[in-house]
Protein chains: 2
Amino acid sequence: MLSFQERILQKEDSLTASEIKIIDQLKKHDKPFLLSMNELSLLSNVSEPSIIRLYRKLGYTSYQELKVTLAQELANQHSNLAGNETAILEEDLADTVFTKIGDQFSAAMSMTREKIVVEEMEEAVKLIAEAGRIFFFGQGLSGTIAEDGAHKFMRIGGTVLAEKDPHYQAIYASQMTENDVVIAISHSGETVNIIEVVHMAKSSGATVIMITSNENTTLAKMADILLLTQAQETATRSDAMTSRLVQLAFLDTLYTRVVAVGGDTIKKAVNKSRLAVTKMKK
Amino acid sequence: MLSFQERILQKEDSLTASEIKIIDQLKKHDKPFLLSMNELSLLSNVSEPSIIRLYRKLGYTSYQELKVTLAQELANQHSNLAGNETAILEEDLADTVFTKIGDQFSAAMSMTREKIVVEEMEEAVKLIAEAGRIFFFGQGLSGTIAEDGAHKFMRIGGTVLAEKDPHYQAIYASQMTENDVVIAISHSGETVNIIEVVHMAKSSGATVIMITSNENTTLAKMADILLLTQAQETATRSDAMTSRLVQLAFLDTLYTRVVAVGGDTIKKAVNKSRLAVTKMKK
DNA sequence: TAAGTTTGTAGTAATAATACTACATAAAAA
DNA sequence: TTTTTATGTAGTATTATTACTACAAACTTA
């Protein structure tokens with residue numbers, strides 16, 4: 001079943017002025033499914049027959065059908081709010097900024113979610129669960145994400161390491177084996193040092209899981225498994241911030257899955273770590 | 001205007017069997033506003049007059065009014081999804097886990113947002129913008145958040161430092177002045193080392209901005225400014241992961257605001273940093 | 001059992017919503 | 001200018017929806 005938006009795109013070229021008016025109203029209205037044809041015609045300054053002509057053109061057999069479809073889609077769309085409306089302005093106070101950051105993140109999550117290939121992610125999970133050693137590589141802000149990842153995965157008990165220094169990264173990479181997994185993080189996908197290190201790691205036989213925000217980049221292409229974050233650029237706030245949150249969500253997802261599919265060994269290790277941390281806090 | 005739920009609670013005691021059936025159907029249905037009286041009566045195995053009797057009892061003057069109210073409320077409810085429905089299950093595959101993590105984060109953001117006192121956050125912004133030095137203190141996972149914060153704030157040009165080691169933290173704390181700001185991060189609010197260090201920092205005259213998830217804790221009470229994250233505990237996934245994302249959003253918010261209110265000096269510094277990073281990537 | 005309450009049936013009125021048509025007019029393209 | 005296209009008006013048929021009523025049946029409770 002085609003969505004309202006898709007149907008419009010399909011007929012985009014043949015849409016007439018009043019049809020566009022109707023569509024605008026439907027999009028603008030926050031509860032379009034409650035509108036009767038009459039109300040809609042008044043709102044859009046258009047005659048009722050024009051509405052009928054439109055929904056027929058779009059392939060609906062009745063006005064009801066259009067409304068039901070719309071209600072359906074609104075329920076889903078609600079989560080991925082439009083990016084433009086959530087642009088952060090200089091005059092926004094902290095609470096507004098905070099809300100908008102949340103909205104932008106939600107939008108980015110939806111966009112990213114759409115591109116996820118489950119099989120690939122589950123393959124990554126399997127690789128990590130069975131890996132000899134796990135290395136997290138990143139630089140700058142991506143370096144802190146790498147550390148965050150390492151922190152989490154340390155709990156499953158294997159050898160887990162985060163390294164931000166390119167020289168050390170290189171040393172590790174040169175000594176890897178087929179059992180090792182590298183989780184490399186680079187927002188741009190073109191971080192020179194990481195490219196080099198990933199290259200070395202692959203030469204050593206290690207598998208590379210790449211987390212990045214840009215698809216057509218050197219690093220994205222080198223990846224054995226690619227986890228791609230999507231985000232909408234906004235004027236005031238670099239999308240890097242949003243992407244970083246999505247990247248963390250990726251790591252959380254991987255971790256959650258590794259624990260879920262992991263055998264008793266992993267589950268016991270996680271419990272032990274939990275106890276250890278609790279003890280420290282006391 | 002009373003909500004549907006409130007109206008029901010009000011009349012709870014006088015509701016009859018068939019009225020309860022109707023309410024159940026309305027609640028169960030995901031698009032109740034699309035139901036006609038006839039459809040609803042069939043679904044709930046109840047006569048149409050019973051429906052009329054019900055909406056009158058609840059104080060609506062027409063069936064339409066009930067539907068509009070319901071549509072309104074559903075639209076709102078949708079954003080703050082119930083925590084239970086988004087619980088991550090062991091059998092959920094990666095894409096589902098990812099989506100649920102996003103939902104949990106959104107819910108946590110809404111809950112946190114509700115408790116934000118703008119004035120306090122803006123006060124924090126002012127303190128940071130005018131601070132002599134800024135110290136980010138955290139341990140474990142909170143340590144990586146501290147580093148993340150430092151990374152961002154380094155760009156505004158002042159002296160910014162993240163420290164995860166308690167001993168170094170202590171040394172810094174002992175040498176602080178009234179111009180210094182500590183941003184301390186502790187999920188639990190009871191991290192022993194951080195308590196000590198915050199204590200020392202306060203003795204030295206520094207201002208302490210505390211980011212934590214638990215309100216009635218030692219650290220929350222010691223804070224000059226408290227930024228409290230809210231999250232719903234779920235069975236499978238520790239709320240720590242969600243809180244951490246919210247904490248990052250807090251830091252993003254502070255940073256965005258500091259740049260916004262900051263004078264030319266800060267803006268120039270941010271631009272310089274941006275150039276520096278771009279250069280490195282090439 | 002008797003009184004009261006709840007609910008359904010059935011019939012109906014009033015209205016609103018949808019769908020359709022034919023024609024007229026306005027605007028745009030040839 | 002002519003033709004085509006887009007749109008609106010007006011009138012109307014059809015159906016769906018809402019709203020109401022009175023009465024009967026079923027069920028509860030005293």
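When reading the values below, keep in mind they use all heavy atoms of this one structure, side chains included, and skip hydrogens, waters and symmetry mates.
Nucleic acid contact class of B:E48 (heavy atoms, under 4.0 Å, all strands): base.
Here the P atom of nucleotide D:dA16 and the CD atom of B:Q64 are 17 Å apart, to the nearest Å. Taking atom CG of residue B:D13 and atom P of nucleotide C:dT6, one finds them 13 Å apart after rounding to whole Å. Here D:dA16 presents its P atom at 10 Å from CG of B:N38, a figure rounded to the nearest Å. Residue B:L40 contributes atom CG, which lies 12 Å from atom P of C:dG8 at whole-angstrom precision. Between the CE atom of A:M37 and the C1' atom of D:dG8 there is a distance of 13 Å, given to the nearest Å. Per the geometry, CG belonging to A:L34 stands 12 Å off P belonging to C:dT18, to the nearest Å. At whole-Å resolution of the value, OH in B:Y63 and P in D:dT18 are 6 Å apart. Atom C1' of nucleotide D:dT17 and atom CD1 of B:I52 are separated by 10 Å, given to the nearest angstrom.
For C:dG8, one of the phosphate oxygens OP1 or OP2 lies less than 4.0 angstrom from a side-chain nitrogen or oxygen of B:S50. At the phosphate of C:dA19, OP1 or OP2 sits under 4.0 Å from a side-chain N or O atom of A:Y55.
Geometric assessment of A:R244 against the ring of A:F105 yields a negative cation-pi assignment under the 6.0 Å and 45° thresholds. Figure legend: B:R7 and B:Y55 shown without cation-pi pairing, the cationic atom not lying both under 6.0 angstrom from the six-membered ring centre and within 45 degrees of its axis.
Side-chain N/O atoms of B:S47 and B:S50 include a donor and acceptor closer than 3.5 Å. For A:T112 and A:T229, the side-chain atoms include no donor-acceptor pair closer than 3.5 Å.
The side chain of A:S47 lies closest to D:dG8, out of C:dA19, D:dT18, D:dG8. Nearest nucleotide to the B:V46 side chain, out of C:dA19, D:dA19, C:dG8: C:dG8. Side chain of B:K67, nearest nucleotide from C:dT18, D:dT18, D:dA19: D:dT18.
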- Where protein sits on nucleotides 22-30 of chain D, one letter per nucleotide: B base, S sugar-phosphate only, - none, heavy atoms under 4.0 Å: ---------

- Query: Taking it one step at a time, do A:R257 and B:D92 satisfy salt bridge (Lys or Arg N to Asp or Glu O under 4.0 Å)?
  - Reply: CA-CA 8 Å; A:R257 284 300 294 152; B:D92 286 337; over 6 Å; no

- side-chain contact (heavy atoms from CB on, under 4.5 Å) between B:D95 and A:M121, intermediate numbers included: CA-CA 8 Å; B:D95 56 340; A:M121 274 204 89; over 6 Å; no

- Show your reasoning for whether salt bridge (Lys or Arg N to Asp or Glu O under 4.0 Å) applies to B:E19 and B:K57. CA-CA 10 Å; B:E19 286 170 345; B:K57 185 185 270 185; 2.7 Å; yes

- Go through the steps for A:S142 and A:H187 under the test side-chain hydrogen bond (donor to acceptor under 3.5 Å, both in side chains), then give the verdict. CA-CA 7 Å; A:S142 300; A:H187 174 62; over 6 Å; no

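The ring pair (Phe, Tyr, Trp, His ring centres under 6.0 Å) search around A:F33 returns B:F33, not counting sequence neighbours.
Listed by residue number, the members of residues 14-22 of chain A with any heavy atom below 4.0 angstrom from DNA chain D are A:T16, A:A17, A:S18.
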